[in-house]
Amino acid sequence: MKYLMKLFWIFILGSILGCIVEEIWCLIKNKVYQIRKSLIYSPMIPIYGFAAAIIVMIADKVGYDYFKIFFIGMIVAGIVEYVSSYIQEKVFHTISWDYSKMPFNLHGRINLIYLIAFGLYAVLFIKQLVMIVDVINIDINSTFFEFLTVIIFILFMLDVCLSVLATYRQKERRKGKKAQNRLERMLDKRYNDERLNQIYNNSVYIG
């Protein structure tokens with residue numbers, strides 16, 4: 001149970017850190033601040049968190065040597081990014097990145113340059129994430145820490161469910177399908193295209 005809690009907090013911190021890194025990179029690259037979160041409310045990009053948690057699971061088995069972390073980071077990030085891109089395209093009919101014009105890409109979903117960057121990201125941050133979570137786990141009363149973990153997990157899952165429902169409903173609206181029930185009418189009103197397009201400003205609808 002304690003190990004699962006550790007992985008969960010690494011996932012949360014990795015997701016937040018990934019969002020911060022993406023927004024800083026966009027600011028440097030585009031000279032303008034852009035939102036880069038994947039959820040409606042939480043400042044998180046969960047694919048970074050998933051990758052971080054998987055890297056830690058593997059590193060706990062094979063060791064935290066920098067070269068190992070680098071190559072594990074590249075491989076895990078590539079798999080997570082490819083699968084995430086595929087699911088997003090098939091379920092929501094949108095894409096948030098397209099590397100097809102870059103060299104050494106695979107179906108436009110991943111490319112070698114960014115995989116190297118993800119490997120370096122893993123080297124720079126994975127050990128620090130593990131250390132932070134270990135310190136928190138030691139310093140905070142166990143019961144309180146477990147309670148806090150449950151609350152954060154519930155809030156996260158609610159945000160995930162709402163974000164999935166809202167973006168899926170947006171896809172249905174784009175197809176011209178009218179709201180059929182109270183939930184869909186609520187989604188149309190609270191999470192209309194203008195609001196979602198502002199949040200997911202790098203998401204492109206492909207039909």
_Are there over 12 heavy-atom neighbours, none belonging to Arg190, within less than 6.0 Å of that residue's CZ?_
no
*Closest approach of Ile47 and Trp97, non-hydrogen atoms and distance?*
CD1-CH2, 4.1 Å
_Check for me whether the distance between the ring centres of Phe104 and Tyr99 falls short of 6.0 Å._
no
_Hydrophobic cluster identity match, Val91 and Leu187, side-chain contacts under 4.5 Å_ = no
*Heavy atoms, side chains only, cut-off 4.5 Å: are Glu89 and Tyr86 in contact?*
no
_Gap separating the OG atom of Ser42 from the CZ atom of Phe156, nearest 0.5 angstrom_ = 7.5 Å
*Taking the six-membered ring for Trp, are Phe118 and Tyr114 parallel (under 30°), tilted (30 to 60°) or perpendicular (over 60°)?*
tilted
*Steps toward side-chain contact (heavy atoms from CB on, under 4.5 Å) verdict (Leu115, Asn111)*: CA-CA 6 Å; Leu115 291 183; Asn111 77 86; over 6 Å; no
*Centres of the Phe145 and Trp9 rings: under 6.0 Å?*
yes
*Would a 4.5 Å heavy-atom cut-off, applied to side chains only, mark Arg109 and Ser100 as touching?*
no
*For Asn30 and Val32, indicate whether the former's side chain and the latter's backbone hold a donor-acceptor pair under 3.5 Å.*
no
*Please report the shortest heavy-atom distance between Ala52 and Leu129, naming the atom on each side.*
CB-CD1, 4.3 Å
*Is there side-chain contact between Lys189 and Arg185, with heavy atoms separated by less than 4.5 Å?*
no
*Hey, does the side chain of Glu23 reach the backbone of Arg36 with a donor-acceptor pair shorter than 3.5 angstrom?*
yes
*Measure the spacing between CG of Leu7 and CG of Asp60 and express it to the nearest 0.5 Å.*
7.5 Å
*Check Ala122 against Gly73 and note the closest heavy-atom contact, atom names and distance.*
CB-CA, 4.0 Å
*Is the side chain of Lys31 donor-acceptor paired with the backbone N or O of Ile28 at a distance under 3.5 Å, no angle test?*
yes
*Might you point out which heavy atoms bring Ile116 and Phe70 nearest each other, and give the distance in Å?*
O-CE1, 3.6 Å
*Gap between atom CE of Met5 and atom CD1 of Ile152 - 0.5 Å precision*: 11.5 Å
*With side chains defined as the heavy atoms from C-beta onward, is the minimum distance between Ile113 and Pro103 less than 4.5 Å?*
yes
_Side-chain donor-acceptor contact under 3.5 Å, Gln34 with Asn202_ = no
*asked:* On a heavy-atom basis, which atom in Ala53 and which in Phe11 lie closest, and how many Å separate them?
replied: CB-CB, 4.5 Å
*Should the heavy atoms of other residues, nucleotides or ligands under 6.0 Å from CZ of Phe67 be counted, would the total exceed 12?*
no
*Donor-acceptor contact present, side-chain Lys68 to main-chain Val62, <3.5 Å*: yes
*Working for side-chain contact (heavy atoms from CB on, under 4.5 Å), residues Asp98 and Ile95*: CA-CA 7 Å; Asp98 180 9; Ile95 57 173; 4.2 Å; yes
*Interatomic spacing from OH in Tyr64 to CD1 in Ile58 - rounded to 0.5 Å*: 10.5 Å
*Just wondering, do Leu196 and Arg173 contact through their side chains at under 4.5 Å, heavy atoms?*
yes
*In terms of side-chain heavy atoms, does Asn197 have a donor or acceptor partner in Gln170 at a distance below 3.5 Å?*
yes
_Worked verdict on Cys19 versus Lys37 for side-chain contact (heavy atoms from CB on, under 4.5 Å)_ = CA-CA 6 Å; Cys19 184; Lys37 62 183 181 177; 4.0 Å; yes
*Are the side chains of Leu13 and Val133 in touch, meaning some heavy atoms are under 4.5 Å apart?*
yes
*Does the pair Ile45 and Ser15 meet the rule for a side-chain contact (heavy atoms from CB on, under 4.5 Å), with working shown?*
CA-CA 5 Å; Ile45 302 180; Ser15 299; 5.7 Å; no
_I'd like to know if Tyr205 and Ile87 are part of one continuous hydrophobic network [Ile/Leu/Val/Met/Phe/Trp/Tyr, side-chain heavy atoms within less than 4.5 Å]._
no
*Without swapping roles, check the side chain of Tyr200 against the backbone of Ser38 for a donor-acceptor pair under 3.5 Å.*
yes
*Closest contact, heavy atoms only, Asp188 versus Ala179*: OD2-CB, 3.4 Å
*Side chains of Tyr66 and Ile126 in contact at under 4.5 Å (non-hydrogen atoms)*: no
_OH/Tyr41: more than 12 non-hydrogen atoms of other groups inside 6.0 Å_ = yes
_Separation of Met44 CE from Leu17 CG (nearest 0.5 Å)_ = 11.5 Å
*Quick one: CD1 on Ile72 to CD1 on Ile54, what's the gap to the nearest 0.5 Å?*
11.5 Å
_Transitive ILVMFWY side-chain link Leu155 to Val160, under 4.5 Å_ = no
*Tyr48-Ile132 co-clustered via ILVMFWY side chain contacts under 4.5 Å*: yes
*Where the side chain of Thr94 meets the backbone of Ser203, is there a donor-acceptor pair that is under 3.5 Å apart?*
no
_Any Lys6 side-chain heavy atom under 4.5 Å of Lys2 side chain_ = no
*asked:* Under 4.5 Å between side-chain heavy atoms, counting indirect links through other Ile/Leu/Val/Met/Phe/Trp/Tyr residues: same cluster for Met57 and Ile12 or not?
replied: yes
